[in-house]
Number of protein chains: 2
Amino acid sequence: MKPVPPFPDAGGLPIASVERETGLSKDTLRVWERRYGFPTPARDANGERVYAPDQVRRLAQVKRLLDRGHRPGKLLTLDDAALAALDQVQGAAPAAPADPELESWLEGVRNHDMEALQRRFYQELARRGLAAFVQDIFAPLVTRVGEAWARNELGVFEEHLFSQHMEKLLRGALANMTPTGGAPRVLLTTLSGEEHHLGLLMVEALLVTEGAEPILLGPQTPIEEIVRAAELKQADVVSLSFSSAYAPGLAAKGLGELRAALPSHRQLWAGGAGVRALRKPIEGVSLMPGLQELFDCLEAWRRQA
Amino acid sequence: MKPVPPFPDAGGLPIASVERETGLSKDTLRVWERRYGFPTPARDANGERVYAPDQVRRLAQVKRLLDRGHRPGKLLTLDDAALAALDQVQGAAPAAPADPELESWLEGVRNHDMEALQRRFYQELARRGLAAFVQDIFAPLVTRVGEAWARNELGVFEEHLFSQHMEKLLRGALANMTPTGGAPRVLLTTLSGEEHHLGLLMVEALLVTEGAEPILLGPQTPIEEIVRAAELKQADVVSLSFSSAYAPGLAAKGLGELRAALPSHRQLWAGGAGVRALRKPIEGVSLMPGLQELFDCLEAWRRQA
DNA sequence: TTTCATATTTGTCTAGGACAAACTCTTGAC
DNA sequence: GTCAAGAGTTTGTCCTAGACAAATATGAAA
């Protein structure tokens with residue numbers, strides 16, 4: 001039994017750790033090495049791959065560019081400079097030219113200044129109201145922090161501390177809202193393997209303000225149990241969240257299976273950065289790449305009901 | 001690229017889906033088939049494994065029994081009846097003579113009656129105060145639900161719904177408490193691979209009532225980052241939580257490494273059901289098998305300071 | 001009973017080969 | 001110029017089967 005990745009003692013990571021860190025499967029890592037000559041892991045006494053931290057960082061960078069639409073064949077034959085150039089270019093994404101307000105929030109994250117973040121959080125929340133706050137500040141900030149983490153501008157510690165504080169604050173805000181028992185009833189969860197659940201909380205917040213009834217199941221529910229939960233709770237909609245780290249193939253596979261297992265009168269929605277990578281629509285599944293689309297889905301459901 | 005199955009044709013699942021649903025790796029699934037003759041997937045036109053839903057269910061059952069301490073060699077050669085029998089057998093129930101109050105809470109979990117749970121939650125919280133409530137009700141209930149889940153008395157759905165509600169309620173209660181900025185400063189997290197974080201919330205609650213200053217980092221922080229966080233936040237103590245599912249060997253190894261990497265003036269505490277399985281004490285690490293020991297550690301620290 | 005040494009069990013790693021879905025590029029029609 | 005169909009290339013996942021070390025069980029000695 002060799003379940004445990006030795007900790008990064010010797011400055012090298014075994015393949016299982018690299019899979020976890022980068023989200024690239026072991027198969028993919030091996031086939032890239034074979035085909036493109038990168039990465040080039042050393043070998044330990046037992047002939048097993050040991051990846052240098054530098055290469056792991058670069059793999060994470062490549063993964064991010066892949067998610068942005070680039071192709072492996074190109075990326076893996078580029079040198080460091082060209083890769084870094086690609087990373088900077090048009091990273092700002094569509095119509096988000098480095099929002100200075102967002103950057104000032106990010107500064108707080110960098111300095112672990114949680115008190116300041118908390119103060120601004122409540123200020124903005126009071127000023128804008130929950131729904132607008134989630135859409136205009138919270139969601140972009142979470143995305144930005146994720147990007148900054150992927151670019152190695154933030155450490156794991158800063159990212160964890162930020163996530164915990166955001167969760168605490170958002171849950172605190174939600175605790176004050178009386179559940180309305182409205183419609184539709186929406187079951188919120190993620191598939192196994194997807195741990196990120198801040199997206200679920202954001203959707204919960206928006207649903208509550210819209211008078212719908214969210215049922216929060218938390219992350220990582222097996223498909224069979226999602227179906228059972230939907231029946232038992234008589235949910236009108238099942239809504240899943242996918243982070244950008246979730247393999248698009250797996251997401252499509254899981255959504256197809258769930259759609260097949262779920263009675264057709266229960267709708268299936270999928271949101272999060274991870275669905276942006278799904279090129280083709282899936283029969284019977286509503287995709288919500290951004291939070292805005294949630295309102296469209298909601299309205300469509302209500303018109304139909 | 002073969003990420004998406006055409007369709008879950010006749011109700012059979014490809015190996016990647018079985019991995020996702022059961023938590024058993026593809027490698028493990030293949031090697032079990034080779035060694036023990038189970039599972040016995042059919043093959044599609046392309047020679048790839050297609051698992052019958054029955055077998056997937058059974059694999060999930062086997063996984064649960066594995067986590068309870070049984071060994072694969074035994075489990076995989078048993079027939080259905082023997083397996084079901086094992087599942088029913090009560091795993092000892094050591095020194096816990098079925099507290100009737102606890103069982104009545106559990107009944108609420110079984111029936112998904114979250115409203116009733118919530119009502120009782122606030123009642124008991126008001127009556128006992130936060131610290132006593134966490135120790136006398138909350139912690140035993142979480143333990144009991146975990147056991148019930150392992151015995152298949154509860155489904156994944158019920159367990160998830162319960163966890164989410166408990167987290168919401170406890171965080172709600174904590175939100176009302178003003179952080180004191182007291183001493184010691186305690187960094188709360190788990191090692192990679194340990195996802196359970198309700199334990200961290202319970203410790204946070206007790207620390208707040210005791211006038212200490214918890215810093216919640218959330219689950220799964222790499223050792224290197226724990227060390228960095230302790231430095232940056234000037235934490236007096238690092239406290240880790242281990243659930244009973246965490247492999248004792250891994251826990252001992254991780255604690256040893258963290259102790260070595262952490263400056264000696266920062267204490268290291270470890271709590272949760274998982275530390276009960278640690279045979280020998282670890283140099284420089286305070287073990288807290290139950291919540292009671294937390295107070296001992298706290299008092300010891302204060303006497304020393 | 002406890003402790004140590006030996007034996008068995010078990011999960012993960014290895015190597016290349018294979019294949020279909022996804023993507024790119026070319027060609028042809030309107 | 002735009003669109004559609006076909007041909008070619010790229011790419012991730014699956015396959016087999018052997019190897020090994022950590023975890024666990026077993027048996028012998030104190």
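So you know, we letter chains A, B, ... as the sequences are listed, proteins then strands, and number each from 1.
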4.5 Å side-chain heavy-atom contact, A/Leu294 and A/Trp269: yes

Roughly, in whole Å, what's the span from CD in A/Glu33 to P in C/dT14? 8 Å

Considering only heavy side-chain atoms of B/Ile15, the closest of D/dG18, D/dC14, C/dT10 is D/dC14

Nearest-nucleotide pick for B/Arg43, side chain only, options being D/dT16, C/dA18, C/dT12: D/dT16

Provide, to the nearest angstrom, the distance between the CG atom belonging to A/Leu250 and the C1' atom belonging to C/dA21. 15 Å

Let me know the distance between CH2 of A/Trp32 and C1' of D/dT10, rounded to the nearest Å. 13 Å

Can you check the A/Leu13 CG to C/dC13 C1' distance for me, whole Å? 16 Å

In whole angstrom, what separates B/Glu19's CD from D/dC15's P? 12 Å

Checking contacts here: which listed nucleotide (C/dG11, C/dG16, D/dG12) is nearest the side-chain heavy atoms of B/Thr28? C/dG11

Considering just the side-chain nitrogens and oxygens of B/Ser25, establish if one lies under 4.0 Å of OP1 or OP2 belonging to C/dT12. yes

Flag this pair as yes if the NZ/CZ of B/Arg58 is under 6.0 angstrom from the six-membered ring centre of B/Phe38 and inside a 45 degree cone about the axis; otherwise no. yes

If you look at every strand shown and take non-hydrogen atoms under 4.0 Å, does B/Arg49 touch a base, only sugar-phosphate, or nothing? sugar-phosphate

Would you indicate, yes or no, if D/dT10 has its OP1 or OP2 atom less than 4.0 angstrom from a side-chain nitrogen or oxygen of A/Tyr36? no

Rounded distance in Å - CD (A/Glu48) to C1' (D/dA22): 12 Å

Judged by nearest nucleotide, the residue sitting upstream toward the 5' end of DNA chain C, A/Arg30 or A/Gly69, is A/Arg30

Report yes or no: is there a donor-acceptor pair, N or O only, under 3.5 Å between the side chain of B/Arg34 and the base of D/dA17? yes

Might you confirm whether atom CD of B/Glu225 has over 12 heavy atoms from other residues, nucleotides or ligands at distances under 6.0 Å? yes

Write down the distance between NZ (B/Lys26) and C1' (C/dT12), rounded to a whole number of angstrom. 14 Å

Just how far, in rounded Å, is C1' of C/dA21 from CG of B/Asn46? 12 Å

A/His196 atom NE2: more than 12 heavy-atom contacts under 6.0 Å: no

Side-chain heavy atoms of A/Leu13 within contact of A/Glu21, under 4.5 Å: yes

When A/Asp27 and B/Leu66 are each assigned the nearest nucleotide of DNA chain C, the 5'-most assignment goes to B/Leu66

